[in-house]
Colleague: 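Sharing a structure, written as structure tokens. Questions coming.
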Amino acid sequence: MKISKDVVYAGVADTEIDLFESQYEVPDGVTYNSYVICDEKTAVMDTVDARKTDEWMKRLKEILGERKPSYLVISHVEPDHAGSVDAFLEAYPETEVVGNAKTFQFLFQFFPGWREKMHMVTVSEGEILNLGKHSLQFFMAPMVHWPEVMVSYDSTDRILFSADGFGSFGTDGLLEDWACEARRYYINIVGKYGAMVQALLKKASALALEVICPLHGPVLSENLGYYLEKYHTWSSYVPEDKGVLIAYASIHGHTAAVAKEAAELLGKRGEKVEIYDLARDDMSEAVEGAFRYDRMLLAGATYDGGIFPCMEDFLSHLKSKAYQNRTVALIENGTWAPMAGKHMRQALESMKNITILEDILTIKSAPDKQTWEALRKLVEKL
């Protein structure tokens, strides 16, 4: 696939992977994107995960033909992108590898055998690498989402090679519903580092952009304002939509019944609602929903004097991704000593700018008439 006259897509799709980073379900797989700029000096933009080295090397050789690449630009050293550096250099040992100081620090931790024989070109903020007709300008993007990350701008074709920025899960046919998998990817992979993403967006705003080439997901070439605005919203930690995320952790089904009734009541009031069973549903989807909406309802059973583990895990995920600027209502259950509400409140109070509705709805084992009445009042407040 050609991105422009001189820029060719060289990535591969992985539809066999079950868990991305050994934790995120990817039922539609994921792509490892690589690009080739064909000019007087040819530049290969990143490699791919070692899972797909052979397929990528075959594709790369078809693109290059008899051409010897002058440069390998490494935007990000994480193994899903730099996992084939050693195989590439075995095939093209004279290629100069372009990165920043931290790039090489990390790279040699993964590939110590190349420390003495790699041809390195170390770049810093704003430096330009001339390829002939094309030139690449480098901008550092630390913690988007590793410290060594950098992006590259091709001023000739107005392409931003954006590393993990603007990436998404999935393989083919994603553009129609890009926001869904891009949001889940962003919140769970990059979400903690909103301030750093904002800094990168500020740099990007000064560039004339026509194409964004991320390291995962589709190449973006139309309506770029839409994608930039989504990233601005997500990295600002402001709600994307008005609605309620309901997440419940139920042992024997009683807490679940109350959570589902809450969803029914909210739906009847015209609210947009997503509901997740934290013991069974995909955790990354629930985390994505929590960040998407302006309100959240947590319903958790007490367990060993604390919170049922899947709820504790969910709250831990929210904190690690810097959940903030939301309103939350709480429902707890306990047969002899309900404690889940107290612990959920404490977890939420450790997060930034969270408004917790004052009254916690307490279920004693199973819901009764008083429970349903209290639920209606809680829903009205929420």
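Start at 1 with the first residue, then count along the sequence.
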Colleague: Within the supplied structure, the quantity of interest is the number of heavy atoms (other residues, nucleotides, ligands) at a distance under 6.0 Å from Q105 CD; does it exceed 12?
Modeller: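 Counting neighbours around CD of Q105, more than 12 heavy atoms of other residues, nucleotides or ligands fall under 6.0 Å, so yes.
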Colleague: List the residues meeting salt bridge (Lys or Arg N to Asp or Glu O under 4.0 Å) with R292, not counting sequence neighbours, and say none if there are none.
Modeller: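 Per chain and number, R292 pairs via salt bridge (Lys or Arg N to Asp or Glu O under 4.0 Å) with D241, E274.
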Colleague: Only counting residues at least two apart or in another chain, list the ones meeting salt bridge (Lys or Arg N to Asp or Glu O under 4.0 Å) with E240.
Modeller: R183, K230
Colleague: For residues 297-307, which side-chain N or O atoms pair as donor and acceptor with protein atoms under 3.5 Å away, sequence neighbours left out?
Modeller:
unit_1	atom_1	unit_2	atom_2	d
T302	OG1	N333	O	2.7
T302	OG1	M339	N	2.9
T302	OG1	A340	N	3.1

Colleague: What pairs of residues pass the salt bridge (Lys or Arg N to Asp or Glu O under 4.0 Å) test when at least one of them lies in residues 131-140, not counting sequence neighbours?
Modeller: D6-K133
Colleague: Kindly write out the residues that satisfy ring-ring contact (aromatic ring centres under 6.0 Å, His included) with Y32, not counting sequence neighbours, or none if the list is empty.
Modeller: none
Colleague: Considering only heavy atoms from C-beta outward, does the side chain of D164 approach that of E78 to under 4.5 Å?
Modeller: yes
Colleague: Just jot down the ring-ring contact (aromatic ring centres under 6.0 Å, His included) partners of F20, sequence neighbours excluded, or say none.
Modeller: F169, H216
Colleague: Could you name each residue pair satisfying salt bridge (Lys or Arg N to Asp or Glu O under 4.0 Å) that touches residues 81-97, not counting sequence neighbours?
Modeller: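 Every candidate salt bridge (Lys or Arg N to Asp or Glu O under 4.0 Å) pair involving residues 81-97 fails, so no pair, neighbours aside, qualifies.
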Colleague: According to salt bridge (Lys or Arg N to Asp or Glu O under 4.0 Å), does anything in residues 193-222 pair up with another residue at least two apart or in another chain? List the pairs.
Modeller: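 As it turns out, the salt bridge (Lys or Arg N to Asp or Glu O under 4.0 Å) pairs with a partner in residues 193-222, which skip direct neighbours, are E125-K203, R158-E210.
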Colleague: Counting heavy atoms not belonging to K242, are there more than 12 under 6.0 Å from its NZ?
Modeller: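 Open: at most 12 neighbouring heavy atoms sit under 6.0 Å from NZ of K242.
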Colleague: What pairs with W114 under ring-ring contact (aromatic ring centres under 6.0 Å, His included), at least two apart in sequence or on another chain?
Modeller: none
Colleague: For Y276, enumerate each residue passing the ring-ring contact (aromatic ring centres under 6.0 Å, His included) test, keeping only those at least two apart in sequence or located in another chain.
Modeller: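 Once residues adjacent in sequence are excluded, Y276 has no partner under the ring-ring contact (aromatic ring centres under 6.0 Å, His included) criterion.
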Colleague: Given the rule that I, L, V, M, F, W and Y join up when any side-chain heavy atoms are under 4.5 Å apart, are V287 and Y193 in one cluster?
Modeller: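 Both belong to a single hydrophobic cluster.
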Colleague: Centre-to-centre under 6.0 Å for Y153 and F139, is that the case here?
Modeller: no
Colleague: Give every residue pair that meets the salt bridge (Lys or Arg N to Asp or Glu O under 4.0 Å) criterion with at least one member in residues 368-382, sequence neighbours excluded.
Modeller: D359-K381, E373-R376
Colleague: Just wondering, are more than 12 heavy atoms of other shown residues or ligands nearer than 6.0 Å to CD in E116?
Modeller: no
Colleague: On the 0 to 90° scale, with breaks at 30° and 60°, tag the H145-H76 ring pair as parallel, tilted or perpendicular.
Modeller: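 Ring orientation of H145 relative to H76: perpendicular.
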Colleague: With sequence neighbours excluded, give me every ring-ring contact (aromatic ring centres under 6.0 Å, His included) pair touching residues 235-265.
Modeller: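 Qualifying pairs: none.
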Colleague: Would you please indicate yes or no on a ring centroid separation below 6.0 angstrom for F110 and F106?
Modeller: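 No: the rings miss the under 6.0 Å criterion.
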Colleague: For E55 and K58: C-alpha separation, side-chain torsions, deciding distance, then whether salt bridge (charged side-chain N to carboxylate O under 4.0 Å, His left out) applies.
Modeller: CA-CA 5 Å; E55 183 179 343; K58 180 181 178 181; over 6 Å; no
